[in-house]
Number of protein chains: 2
Amino acid sequence: MQQRTEIASLGEFGLIKHLTENIKLKHSSSVLGVGDDAAILSYAENTNQKVLVTTDLLLEGIHFDLIYVPLKHLGYKSAVVNFSDIYAMNGQPKQITVSLGVSKRFSVEDLEDFYAGLELACEQYGVDIVGGDTSASLTGLCISITCIGEGIEGQIVTRAGAKENDIICVSGDLGAAYMGLQLLEREKAVFDGKSDFTPDFSGREYLLERQLKPEARKDIIETLANEGIVPTSMMDISDGLSSELIHICRQSKVGCRIYEERLPLDYQTAVMAEEFNLNVTTVALNGGEDYELLFTVPLHLHDKVSKMKGVRVIGHITNESLGLALETRDSTEIELKAQGWNSLSEDN
Amino acid sequence: MQQRTEIASLGEFGLIKHLTENIKLKHSSSVLGVGDDAAILSYAENTNQKVLVTTDLLLEGIHFDLIYVPLKHLGYKSAVVNFSDIYAMNGQPKQITVSLGVSKRFSVEDLEDFYAGLELACEQYGVDIVGGDTSASLTGLCISITCIGEGIEGQIVTRAGAKENDIICVSGDLGAAYMGLQLLEREKAVFDGKSDFTPDFSGREYLLERQLKPEARKDIIETLANEGIVPTSMMDISDGLSSELIHICRQSKVGCRIYEERLPLDYQTAVMAEEFNLNVTTVALNGGEDYELLFTVPLHLHDKVSKMKGVRVIGHITNESLGLALETRDSTEIELKAQGWNSLSEDN
């Protein structure tokens, strides 16, 4: 059986020290890391350089279910979803700070697993952990991560720059993370306390990976940079394609038209949607947690982006007056609505 | 009766927009605030400038009790405790990001109160709110704030620079916030559901203010700068003087000797400690949440700091081999131990 060390045996400061003492800083911009009142970062190498900051709060029971999410995966995902926000600005994540609220049911080994996942993600994406705060929680696990990154003035991409006639692109495929979640929820319901239960995930590995160990699209940002392309607008898809397109169109004061037949889908997503009796287009539009990039580029770059590996052109930007439209396979037009994963709505 | 608007009526994005749409950015370093994947900050004005980052997680039932903490005060305090960490590096806080996890028992008006407190603190200390994230919580209120500030290379002060013979200084007075908490807890116990109960706080206003609406010592940082003094080490006192002195001595590899008779106490703290049958020195050493500054300066600055308003010299730094000593009024020596507010220890 795995060893269980009570957190109380280390105390708050002992715990932070234990979890962070072997962390090595990789970036010259990380001057001082964990262990003082604040981290010190050096971001003044050239005057075109800007600092990007993003933050995410992940709460047990709302954003994750520890019944099927291993803590190491949770650590990995918690870091990656923040990196994704920095890439979505066309920036590079450089540092994170990590605050944890933990109840007594967690052991030191549990938190070591979480940190192992965090550190793996940081290793993979070249990010330093520069601050840590650990506190008691009366209830579930509470994770707050802030990511600091750098961007170059003129190359930073917001949601507000899409122009009429720009083409709309997405990376990877959509809806798989959502189907992975449905699968995990189904197996959890079937399990329901049976000790000899083995969940059936064969042939569904991709869906599980997309849900449990998502990656941020650093590669797409690098490809765009290599091609000399700066998108006119960009976001990462965390709440679903529809919801994110609405953000871009509102903030850019434009409309859009996307095509159902152009939506990128993985085979497993389609099969699983069929099995669950779900419309796969709805899943692709509203699934959420894809962490793919949604971006727009000027029309003259159409051929260039069409040839980019892992990028699909799904439509184009229109005049604001035309609204947000999806053209279905049978050529009818549907208005795009946010049915994304809105954790504060009545339905949840 | 106060109006109650359900959060669900606005939805997650509507709520963030509602709470943040009137926020004005004050600093030229705040290039883009709430509303994109990340905030954009400009920190490259001169190459001596460093970015400071600190983060704090505040959880209901652990760090605050909404029975006696008004949400506006909580917003104010949540911001101020982060500013305090930046001042403790001898820096200036410039931006914060705010993540909230809220359950359905909170209304939009509740969160408006919280934001009013946040904004008041930001106004007072000249800080911009550049990022906001609001999520559902299954249980209590969860607040995560990250503060970004600036410091100048060579003037940033860590915990690791104290030298033998340096003198040890603290700002303000100690233990009042802790006594304020004891008072609130007592009145809460007396109250215990009585609808006609009026708590008795007369003559204790200072203690309550220290607990409910603490201030960060921006003024002390300014005075030090005006006098041309850069402390050799500095921290803010959030967990109690003893605990913080232990941090400074460990990280600076030195010992210290402080004098009981030099500990700064307010009259109300002393009276209240007497009433609660508590040793006032223990309260001053271990009370916590004072948010005063603890710092060390070279011996030759003794006369200068002694004359500074709101600063008290309480002892001096010694060789590491001498340990951490408190000399009592009757000249006996006691070893300093951290009995600070350790929220993860067994006793809590």
Side-chain angles (χ1 to χ4, degrees), chain A residues 7-8 11-12 15 31-32 35-47 49-57 59 61-63 85-86 88-89 91 95 97 99 101 130-131 133-140 142 144 146 148-149 151 156 158-159 235-236 251 342-346 348, chain B residues 7-8 11-12 15 31-32 35-47 49-57 59 61-63 85-86 88-89 91 95 97 99 101 130-131 133-140 142 144 146 148-149 151 156 158-159 235-236 251 342-346 348:
Chain A
I7 289 171
E12 182 185 347
L15 178 63
V31 181
L32 181 73
D36 218 295
D37 295 296
I40 305 176
L41 312 178
S42 183
Y43 267 95
E45 277 143 34
N46 75 65
T47 51
Q49 200 168 307
K50 301 292 167 208
V51 179
L52 304 171
V53 182
T54 181
T55 190
D56 252 309
L57 186 63
L59 300 172
I62 301 285
H63 301 98
D85 279 320
I86 299 290
M89 303 292 288
Q95 286 95 10
T97 62
S99 293
V130 294
D133 180 17
T134 309
S135 156
S137 160
L138 285 182
T139 51
C142 170
S144 174
T146 296
I148 301 119
I156 295 173
T158 69
R159 302 171 178 180
M235 267 187 90
D236 69 328
Q251 295 190 32
N342 184 338
S343 57
L344 286 172
S345 74
E346 282 290 13
N348 279 274
Chain B
I7 289 171
E12 183 185 348
L15 178 63
V31 181
L32 181 72
D36 217 297
D37 295 296
I40 306 176
L41 311 179
S42 181
Y43 268 95
E45 276 141 35
N46 74 66
T47 52
Q49 200 168 307
K50 302 291 167 209
V51 179
L52 303 171
V53 181
T54 182
T55 188
D56 252 309
L57 185 65
L59 301 172
I62 301 284
H63 302 98
D85 280 320
I86 299 289
M89 303 294 287
Q95 286 94 9
T97 63
S99 293
V130 295
D133 181 17
T134 308
S135 155
S137 159
L138 284 182
T139 51
C142 171
S144 175
T146 297
I148 301 119
I156 294 173
T158 69
R159 303 172 177 179
M235 267 187 89
D236 70 327
Q251 295 192 32
N342 185 337
S343 57
L344 287 171
S345 74
E346 283 288 15
N348 278 275

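Every chain is numbered from 1, with letters handed out A, B, ... down the list of sequences.
- For B:Leu59, the part sitting under 4.5 Å from any heavy atom of chain A is the side chain, from C-beta outward, and nothing else.
- Looking at B:Thr146, B:Thr54, B:Thr55 one by one, the single match for side chain to side chain donor-acceptor pair (under 3.5 Å) with A:Thr146 turns out to be B:Thr146.
- Only the side chain of A:Ile156 comes within contact range of chain B, with at least one heavy atom under 4.5 Å from a heavy atom of that chain.
- Closest approach of A:Ile40 and B:Thr158 over heavy atoms only: CD1-CG2, 4.3 Å.
- Contacts of B:Gln95 with chain A are absent, with no heavy-atom separation under 4.5 Å from either backbone or side chain.
- The two atoms that bring A:Ala38 and B:Ile86 nearest to each other are CB-CD1, 4.2 Å, heavy atoms only.
- Comparing A:Leu57, A:Ile148, A:Thr97 by how many heavy-atom pairs each has under 4.5 Å with chain B, the most go to A:Leu57.
- Both the backbone and the side chain of A:Leu138 come within contact range of chain B, with heavy atoms under 4.5 Å apart.
- When B:Val130, B:Leu41, B:Val51 are each tested for a side-chain contact (heavy atoms from CB on, under 4.5 Å) with A:Val53, only one passes: B:Leu41.
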